[in-house]
Structures are given as structure tokens and as C-alpha cells.
K.L.:
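Here it is, the structure in full.
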Number of protein chains: 2
Amino acid sequence: MILGNARPNGHITPCEQCPLRRLPCLREFTPQELEFIKRFKIDELRVEPGASFLHEGSRSEHLYTVLEGWAFRYKTLDDGRRQILNFALPADMVGLQGAVMEEMEHSVEALTPLTLCVLPRRRLYELYSQYPTLAFDITWLAAREEQMLEQHLVSIGRRSALERVAFVLLHIYGRARELGLARDNIVAFPLTQQHLADALGLSLVHTNKTLKRLIATKAIRWQGRQFELLNEEMLSSIAGTEAPASKNRPFI
Amino acid sequence: MILGNARPNGHITPCEQCPLRRLPCLREFTPQELEFIKRFKIDELRVEPGASFLHEGSRSEHLYTVLEGWAFRYKTLDDGRRQILNFALPADMVGLQGAVMEEMEHSVEALTPLTLCVLPRRRLYELYSQYPTLAFDITWLAAREEQMLEQHLVSIGRRSALERVAFVLLHIYGRARELGLARDNIVAFPLTQQHLADALGLSLVHTNKTLKRLIATKAIRWQGRQFELLNEEMLSSIAGTEAPASKNRPFI
DNA sequence: CGCTTCTTTGAGCCTCATCAAAGGGCGTGG
DNA sequence: CCACGCCCTTTGATGAGGCTCAAAGAAGCG
């Protein structure tokens with residue numbers, strides 16, 4: 001684990017030119033909201049793959065929105081066992097828990113080179129008191145995170161290894177697709193099988209064998225950082241769920 | 001599963017006399033906040049044990065705060081497998097997800113006779129625009145729920161059966177104690193072992209055997225709906241965590 | 001080309017699931 | 001007050017799914 005390997009990005013993307021705003025799955029802002037967000041964002045941060053920028057047990061002065069790249073939120077036990085809680089993709093907010101409550105109860109690590117918008121927690125109250133629609137959006141984001149955790153919990157608690165693998169892959173693929181990261185049903189996946197195993201509560205070995213089994217069904221392909229969805233219906237039926245698809249999602 | 005077995009309570013406890021407000025773990029309101037909450041609460045509902053009052057896939061007109069009694073949030077798979085996500089105790093808000101997003105993704109069932117404060121979702125925006133401190137509290141509550149789910153996820157994903165059982169029991173006991181529901185280290189537990197199993201992602205049989213094993217360590221006792229904590233330190237060390245303890249927690 | 005990281009495969013074992021059935025505890029009705 | 005039924009708990013037996021250990025391929029990278 002690399003620590004603290006984060007630095008200012010050199011330049012800051014102005015919010016009105018934010019590439020995420022063009023995505024059809026994200027909601028539009030009013031000019032006033034946009035103006036506030038632009039002031040709310042005080043910096044832009046660059047994090048290298050493998051570096052953690054938020055730490056379990058610490059109190060952070062900032063919260064972040066992923067502008068570009070992939071990350072994951074995780075917790076570790078004393079003896080080193082690790083559980084990945086969820087993945088963070090562009091437009092996802094990260095570190096809200098630490099901003100609202102006493103301290104973070106999980107860590108966040110970059111999977112790819114990561115660009116983050118930096119938002120100071122001390123000005124969160126300003127947002128709540130002056131921009132109730134944005135405050136509502138933040139609650140919405142928290143509720144969505146909760147929803148994803150719940151789905152994940154059912155998966156780990158009650159599904160077989162094959163169902164679990166199918167479920168995460170479909171879930172991640174669906175989220176990437178929404179963000180326009182898929183081309184010809186192919187997404188560049190920055191995950192290793194170890195990440196998958198830690199997300200699913202399985203061992204690396206068993207994850208590998210299960211993954212092979214899933215690939216043998218021809219529902220998916222996954223080679224060299226490229227994930228390809230071959231048969232969405234089949235994958236959905238193995239996973240026991242549909243790929244996520246949201247509209248007018250807020251982000252900040 | 002009993003459906004729809006909920007009815008108005010006959011009388012409504014006025015918020016300024018709310019018995020929860022006396023609890024030291026909960027935060028105080030300003031008179032203005034209290035006044036608003038009092039108007040926000042439009043009814044009081046009574047639910048029988050075993051009855052579900054919020055349903056996966058439906059859209060609810062209300063959100064609720066537990067005034068008295070225990071409940072649990074859960075999801076079910078098509079083939080009947082059930083996963084309990086978390087338990088709801090007095091001062092916990094329930095149904096927020098359905099109020100903020102399109103629809104509920106989980107159901108909620110009463111464990112004991114349950115008294116609920118009914119809050120209309122259509123007036124949530126009024127709260128956000130006029131009472132930013134309360135809006136912040138709601139986000140806080142959502143973040144706390146997320147935190148509990150995360151702990152639960154680690155437990156199910158990475159801990160052994162014995163550790164899991166110890167963890168939930170310590171967790172639930174801690175929450176009950178905070179609310180003043182413990183006397184001489186004893187709490188009246190409305191759970192069956194089936195509930196425990198569904199929360200832990202274990203089978204009923206294995207939960208029973210594991211529970212016996214835990215009881216054999218003399219860390220706890222559990223007979224006839226009475227749970228007794230005999231050795232908190234030992235239970236903590238088996239669970240790999242401390243019992244929760246919060247101060248100045250918001251509730252609405 | 002050599003190093004590191006990640007993937008793949010095999011073997012053996014253990015935890016936990018499933019199946020089956022007996023044993024309380026409690027309320028209800030006879 | 002007993003008998004019955006229901007719900008929950010407990011126990012045993014058997015097997016499968018997933019874990020651990022070990023080591024050999026691939027693949028990327030300097």
C-alpha cells in the first residue's frame with residue numbers, strides 16, 4: 001500500500017467545463033448551483049494507482065468527487081483481511097462519511113490514475129444553508145451508496161460464488177456503461193482478480209476458478225484488462241439481477 | 001409474512017414529550033426545530049410483530065422514525081433466500097431511501113409491537129429549504145446507516161462464523177444499551193436464531209451450533225428472549241471490535 | 001532479458017450447508 | 001389441568017463449496 005502519494009494537479013478544470021456535465025445520466029444544474037459548486041471546489045488532486053488518499057480512523061478536512069479514474073473503498077481487519085466495500089467511478093462522491101461524522105470508517109485507494117475535485121468540509125454547512133437542492137442531492141448520493149451496499153450485502157450473504165461474480169461484473173459494467181466508458185460492449189477494467197476476491201468475500205484461488213467457469217458460459221470475456229459483455233441476458237440471469245441504469249443522477 | 005397489518009395508534013405522542021428526547025445519546029433540538037418536527041410528524045402508526053410496513057419495489061408516501069420497538073430491514077431473492085440488512089431500534093429512521101429516491105430497495109418488518117412516527121415525504125423539501133441543520137441531521141443518519149452496513153459487510157465477507165455471531169450480538173447489545181434498554185447487562189432480545197442466521201449469511205443450523213460455542217466461552221448467555229452480556233472484553237476480542245457508543249446523535 | 005505482478009492449476013482439508021428428526025416452551029381449547 | 005399444535009431450538013449425519021498450500025505459467029515493464 002502506497003501512502004500519501006497525492007499531489008495538486010497543476011491546473012483546475014472549471015466546473016462549467018466539467019466533462020461529466022455532458023453525460024446524459026447526470027442531472028443539470030441551475031446557473032446558481034453551478035456557480036456555488038465552482039466556488040466550493042477549491043482544488044484538484046492527482047492520485048497514483050495503488051495510493052490511498054483517505055484512511056480508516058482518520059478525520060479528513062476534505063471530501064472529494066471523482067472527476068476521472070477508478071478507485072475503491074475498503075476496510076481491513078487487524079490481521080490483514082481486506083473487504084472491498086464498493087468501487088468509485090467518475091461522478092461518485094467519496095469521503096462524505098468523514099465529512100458528516102467524526103471520522104472515516106473506511107479507506108479509499110486509487111485503481112487508476114485518479115483526478116479528484118477537492119471540497120472543503122467546513123463549507124458543507126454553507127451548502128446546506130444556502131442551497132437546499134444541493135443538500136438534497138448529497139443525501140441522495142448517500143442513499144444511493146447505501147443501496148449499493150445493500151445489494152452487495154445480499155450478494156455476499158446469500159449468493160453462491162458464481163452468482164456473486166456475475167453480479168459484481170454486471171454491476172460494475174453497468175455503471176461504467178452509464179458513464180460512457182463502454183465501446184462495443186467492452187470496458188477497460190483496472191481490476192485484478194485479487195480486487196474481485198476482496199470485494200466478493202472469496203479467496204483469490206476460488207475467485208479465479210469461478211471466473212473461469214463464468215467465462216466458459218460465454219456470457220463474458222475478460223482478458224488483459226479488457227472486459228467484454230457477450231450475453232447480457234445470460235449474465236443477468238446468472239446474477240439474478242439487471243444492470244443498473246439511472247437517469248438524472250445528481251453529482252457535485 | 002403478514003402484510004399491511006398496521007393501523008393508526010389512536011393517540012399521538014407530542015414531540016415535546018417524546019421519551020427519546022431524554023436519552024443522553026441523542027442530541028437536543030432548538031425550540032424552532034422542535035416546532036417544525038412536531039408539525040412534520042403527521043401521525044403515529046402501530047405495527048404488529050411479523051408485519052412488514054415497507055416493501056421492496058414499492059414507493060412509499062411516508063418515512064418513519066421508530067418511537068418504540070424493534071424492526072429489521074431486509075431483502076429477499078426470487079427463490080426466497082433472505083438477507084437481513086440491519087436492525088432498527090428506537091430513534092432510527094426508516095424508509096429514507098424510498099423518500100429520497102424512486103423506490104424502496106428493501107422491506108422492513110416489525111420484530112416487536114412497533115410504534116412509528118409518520119413523516120410525509122412530500123414535505124421533506126420544506127425541511128431541506130427551511131431547516132438546514134435538520135437536513136444535515138438526515139444526511140448524518142444516512143451516513144451512519146451506511147457505516148453500519150459497511151461493518152456488516154466486512155463481517156459477512158471476511159469473518160468466520162464465530163466472529164460474526166460475536167460481532168452482531170455485541171453490535172446489537174451496544175445499540176440497545178445506548179437507548180437504555182439494558183438492565184444489569186441484560187437486554188430483552190426479540191430475535192430468533194433464524195433472524196440471526198439471515199443477518200449473518202449463515203444457515204440456521206450452523207448459527208445454532210456457533211451460538212452454542214460462543215455461549216460455552218461464557219462471554220454471553222441467551223435464554224428465552226433474554227440476552228446477557230457476561231464478559232464484554234472477551235466478546236469484543238472474539239468479535240474483533242468494540243461495542244458502538246455514540247453521543248449527540250441526531251434523530252427526527 | 002530478468003524482475004515483478006498477476007493468473008492458472010492441482011491436491012487435500014475444513015467450514016459450513018443440507019437433510020432429518022427429536023426436544024423444549026408456550027398458548028389455546030377441550 | 002391436560003393435550004395438542006405451533007414455533008423455536010438442538011443434535012446428528014453426510015456432503016459440497018470454498019479455503020489453504022504449493023507451484024507453475026503469462027504478461028507487463030524497465
Side-chain angles (χ1 to χ4, degrees), chain A residues 1-2 48-51 72 77 79-84 109-113 155-169 188-216 220-227 238, chain B residues 1-2 48-51 77 79-84 109 111-112 155-166 168-169 188-216 220-227 238:
Chain A
M1 183 174 56
I2 308 167
E48 292 310 307
F72 63 93
L77 300 179
D79 59 5
R81 284 176 287 182
R82 177 173 79 168
Q83 176 67 47
I84 291 183
E109 181 178 322
L111 274 171
T112 66
S155 215
I156 293 190
R158 287 302 178 204
R159 284 198 247 252
S160 71
L162 186 66
E163 293 172 314
R164 281 188 229 182
V165 173
F167 178 83
V168 216
L169 292 178
F189 254 35
L191 310 172
T192 68
Q193 294 184 15
Q194 183 67 66
H195 290 123
L196 218 53
D198 285 344
L200 297 173
L202 296 171
S203 71
L204 171 60
V205 172
H206 196 61
T207 300
N208 176 269
K209 287 172 182 170
T210 307
L211 189 55
K212 291 264 120 181
R213 203 145 56 91
L214 184 61
I215 290 171
I220 63 160
R221 199 169 346 190
W222 188 9
Q223 272 168 39
R225 305 290 129 116
Q226 298 276 306
F227 174 86
I238 296 173
Chain B
M1 183 174 58
I2 307 168
E48 291 310 306
L77 299 178
D79 59 5
R81 284 175 286 182
R82 178 174 78 168
Q83 176 66 46
I84 292 183
E109 181 178 321
L111 275 170
T112 66
S155 214
I156 293 190
R158 288 300 177 206
R159 284 198 247 251
S160 71
L162 186 66
E163 292 171 315
R164 282 188 228 181
V165 172
V168 215
L169 292 177
F189 254 35
L191 310 171
T192 68
Q193 294 184 15
Q194 182 67 65
H195 290 124
L196 218 54
D198 284 344
L200 296 174
L202 297 170
S203 71
L204 171 60
V205 172
H206 196 62
T207 301
N208 176 270
K209 287 171 181 168
T210 308
L211 189 55
K212 290 264 121 180
R213 204 145 56 91
L214 184 60
I215 290 171
I220 62 159
R221 199 168 349 189
W222 188 9
Q223 272 170 40
R225 304 292 128 117
Q226 299 276 307
F227 174 87
I238 297 174

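The model shown is predicted, which means the values in this text are computed figures rather than measured ones. Just so it is clear: chains get the letters A, B, ... in the order the sequence lines come, proteins before strands, and each one is counted from 1.
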K.L.:
Quickly work out the A/L191 CG to C/dC6 P distance and round it to whole Å.
P.N.:
12 Å
K.L.:
Touch check for B/S203, heavy atoms < 4.0 angstrom, all strands: base, sugar-phosphate only, or nothing?
P.N.:
base
K.L.:
Taking only residues two or more places apart in sequence or in another chain, which ones pass side-chain contact (heavy atoms from CB on, under 4.5 Å) with B/A166?
P.N.:
B/L214, B/L235, B/I238, B/A239
K.L.:
Whole-Å distance between C/dC6 P and A/L196 CG?
P.N.:
14 Å
K.L.:
Please report, rounded to the nearest Å, how far the C1' atom of D/dC19 is from the CG atom of A/D79.
P.N.:
15 Å
K.L.:
Whole angstrom is fine here: how far is it from CG in B/L200 over to P in C/dA17?
P.N.:
10 Å
K.L.:
What residues form a side-chain hydrogen bond (donor to acceptor under 3.5 Å, both in side chains) with B/T112, not counting sequence neighbours?
P.N.:
none
K.L.:
Could you state the atom-to-atom distance from CZ of A/R213 to P of D/dA16 in whole Å?
P.N.:
14 Å
K.L.:
Pairs in or reaching into residues 199-211 of chain A: which pass side-chain hydrogen bond (donor to acceptor under 3.5 Å, both in side chains), with residues at least two apart or in two chains?
P.N.:
A/Q193-A/N208
K.L.:
Starting at CD of A/Q83, measure out to CG of A/L200 and round the result to the nearest 0.5 Å.
P.N.:
8.5 Å
K.L.:
Measuring only between side-chain heavy atoms, which start at C-beta, is A/P49 closer than 4.5 Å to A/P113?
P.N.:
yes
K.L.:
Would you kindly give the CD-to-C1' distance between B/Q223 and D/dT9, to the nearest whole Å?
P.N.:
12 Å
K.L.:
Just how large is the angle between the end axes of the helix from C/dC1-D/dG30 to C/dG30-D/dC1, five pairs per end, to 10 degrees?
P.N.:
40°
K.L.:
Sequence neighbours excluded, which residues qualify as side-chain contact (heavy atoms from CB on, under 4.5 Å) partners of A/Q226?
P.N.:
A/I186, A/A188
K.L.:
Taking the nucleotide of DNA chain D with the closest heavy atom to each, which residue, B/H195 or A/R159, is nearer the 5' end?
P.N.:
B/H195
K.L.:
Which heavy atom of A/W222 sits nearest to which heavy atom of A/L191, and what is that distance?
P.N.:
CZ2-O, 3.5 Å
K.L.:
N/O contacts under 3.5 Å, protein versus nucleotides 10-14 of chain C?
P.N.:
{"residue": "C/dG10", "atom": "N7", "partner": "A/K209", "partner atom": "NZ", "Å": "3.3"}

K.L.:
Who passes side-chain contact (heavy atoms from CB on, under 4.5 Å) against B/R225, sequence neighbours left out?
P.N.:
B/T192
K.L.:
Which nucleotide, D/dG18, C/dC16, C/dC6, lies nearest any side-chain atom of A/A161?
P.N.:
D/dG18
K.L.:
Hey, does the side chain of A/Q193 come within less than 4.0 Å of C/dT8's phosphate (OP1/OP2), counting only N and O?
P.N.:
yes
K.L.:
Tell me every residue that passes salt bridge (Lys or Arg N to Asp or Glu O under 4.0 Å) with B/R82, counting only those two or more places apart in sequence or in another chain.
P.N.:
B/D198
K.L.:
Would you please name every residue forming a salt bridge (Lys or Arg N to Asp or Glu O under 4.0 Å) with A/R159, sequence neighbours left out?
P.N.:
none
K.L.:
Looking only at side-chain atoms of B/L202, point me to the closest of C/dC6, C/dA17, D/dG18.
P.N.:
C/dA17
K.L.:
If I take atom CG in residue A/L214 and atom P in nucleotide C/dT8, what distance separates them, rounded to the nearest angstrom?
P.N.:
13 Å
K.L.:
When all nucleic acid strands are considered with a 4.0 Å heavy-atom cut-off, which category describes B/R225: base, sugar-phosphate, or nothing?
P.N.:
sugar-phosphate
K.L.:
For C/dT7, does either OP1 or OP2 sit under 4.0 Å from a side-chain N or O belonging to A/N208?
P.N.:
no
K.L.:
Round to the nearest Å and state the distance from B/Q226 atom CD to C/dC26 atom P.
P.N.:
11 Å
